[in-house]
Amino acid sequence: MSSLPDPSPPARSTYRHGDLRRALLDAGVELARAGGPEAVVLREATRRAGVVPNAAYRHFASRLALLQAVRAAALSAVARAMEEELAGAGAAGDPLARARASVRAVGTGYLRFAQAETGLFRTAFATPVDIDDAPGEVKGGASGLNPFELLGAALDRLVAAGGMAPERRPGAEFLAWSAVHGLALLIIDGPLRGLPAPQAEALGQRLLDMVEKGL
């Protein structure tokens with residue numbers, strides 16, 4: 001797999017001119033990347049942007065406001081990692097084979113992102129807000145779809161190709177997401193921490209086999 005997409009432009013050590021909101025958001029993303037959602041602190045973001053704390057309040061009224069924007073950027077990064085896997089899945093085989101490959105690709109991208117960008121992954125799902133909330137913040141990848149929508153689209157393709165009965169489609173994304181997200185948390189925060197990368201990869205693929213059969 002190629003390197004994961006970066007959710008933000010290169011970090012700047014100080015803010016000099018231009019888009020202060022972007023500079024603060026970039027700083028917040030780097031804080032999240034290094035330390036997860038707890039590390040996203042407005043005062044530290046302003047320090048990294050090179051401005052006084054009061055200058056940030058016209059763009060982010062509180063730490064929560066900055067965290068919500070960083071969360072949206074993290075969700076966008078998850079989506080782009082899933083899209084990268086989808087692009088690599090190829091177009092070979094019949095429609096059913098391609099549909100199955102797309103379901104596996106979105107799960108693989110999700111699991112790999114969780115392990116490669118753990119701080120951003122934790123941040124993406126940290127705040128008590130529905131995945132479709134915070135309008136105005138970009139949470140999707142190049143397709144415009146967020147991670148949950150990418151999964152739903154893959155499942156729709158599976159139904160269209162005859163790989164899943166239409167009556168089993170409602171709610172299927174919640175079941176598949178729960179399984180894959182649960183394994184991701186076990187690997188990054190649970191008893192599977194420290195599992196060698198090849199074993200974690202193999203375990204993830206076995207889980208995706210199970211999910212596909214269960215659908």
Side-chain angles (χ1 to χ4, degrees), residues 1-12 19 21-42 44-45 48-49 59-60 63-89 102-154 173 176-178 180-189 197 200-201 204 208:
M1 177 183 175
S2 60
S3 59
L4 289 169
D6 193 336
S8 65
R12 292 177 285 186
D19 188 350
R21 188 183 191 281
R22 180 75 248 180
L24 292 167
L25 180 55
D26 290 348
V29 166
E30 290 309 311
L31 289 168
R33 173 176 279 124
E38 296 81 8
V40 181
V41 179
L42 194 55
E44 176 60 17
R48 292 189 177 204
H59 302 287
F60 299 106
R63 173 186 179 271
L64 181 58
L66 175 60
L67 181 58
Q68 289 291 74
V70 172
R71 173 184 177 270
L75 281 168
S76 179
V78 177
R80 293 201 300 275
M82 294 164 74
E83 289 171 341
E84 184 176 311
E85 290 290 340
L86 280 166
S102 70
V103 172
R104 180 173 292 271
V106 297
T108 298
Y110 193 92
L111 287 168
R112 287 178 175 169
F113 185 90
Q115 295 168 73
E117 290 281 15
T118 300
L120 289 179
F121 182 82
R122 291 189 181 113
T123 303
F125 303 103
T127 55
V129 179
D130 292 340
I131 195 167
D132 290 322
D133 282 356
E137 298 291 358
V138 177
K139 295 173 289 185
S143 66
L145 301 180
N146 67 36
F148 187 67
E149 292 166 338
L150 285 168
L151 172 59
E173 58 267 62
W177 188 18
S178 297
V180 176
H181 188 76
L183 179 60
L185 291 182
L186 286 172
I187 291 173
I188 66 174
D189 287 328
E201 177 76 12
L208 294 172

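Keep in mind the model is a prediction, meaning the values are calculated, not measured.
Residues Ala114 and Ile188 come closest through the heavy atom pair O-CG2, 3.4 Å. Of all the heavy atoms in Leu145 and Ala153, the pair that sits closest is CD1-CB, 4.3 Å. Taking all atoms of both residues into account, the shortest heavy-atom contact from Arg63 to Pro37 is NH2-O, 2.8 Å. The two residues Val29 and Ala73 come nearest to each other via the heavy atoms CG2-CB, 3.9 Å. Contact detail for Phe113 and Phe121: the closest heavy-atom pair is CE2-N, 3.9 Å. Gly28 and Val40 get closest at one heavy-atom pair: O-CG2, 3.8 Å.
How far CZ of Arg71 is from CG of Leu64: 10.5 Å, rounded to the nearest 0.5 Å. Put simply, NZ on Lys139 and CD on Glu149 are 8.0 Å apart, with the number rounded to the nearest 0.5 Å. In this structure, CG on Leu75 lies 5.5 Å from CZ on Phe125, to the nearest 0.5 angstrom.
Two residues are said to be in side-chain contact when any heavy atoms from C-beta on lie closer than 4.5 Å; Phe60 and Gln68 fail this criterion. In this structure, the side chains of Arg22 and Leu25 come closer than 4.5 Å at one or more pairs of heavy atoms. Two residues are said to be in side-chain contact when any heavy atoms from C-beta on lie closer than 4.5 Å; Gln115 and Glu201 fail this criterion. No side-chain heavy atom of Asp26 sits under 4.5 Å from any side-chain heavy atom of Arg48.
Salt bridge Asp189/Arg122: present, at least one basic N to carboxylate O contact under 4.0 Å. Salt-bridge check for Arg33 with Glu30: passed, with a basic side-chain N closer than 4.0 Å to an acidic carboxylate O. Salt-bridge annotation for Glu84 and Arg80: absent, with no side-chain N of the basic residue lying under 4.0 Å from a carboxylate O of the acidic one.
No donor-acceptor pair closer than 3.5 Å links the side chain of Ser76 to the backbone N or O of Ala72.
With Leu150 as reference, Met82 is the one residue of Glu173, Glu85, Met82 to meet the side chain to side chain contact (heavy atoms under 4.5 Å, CB included) rule.
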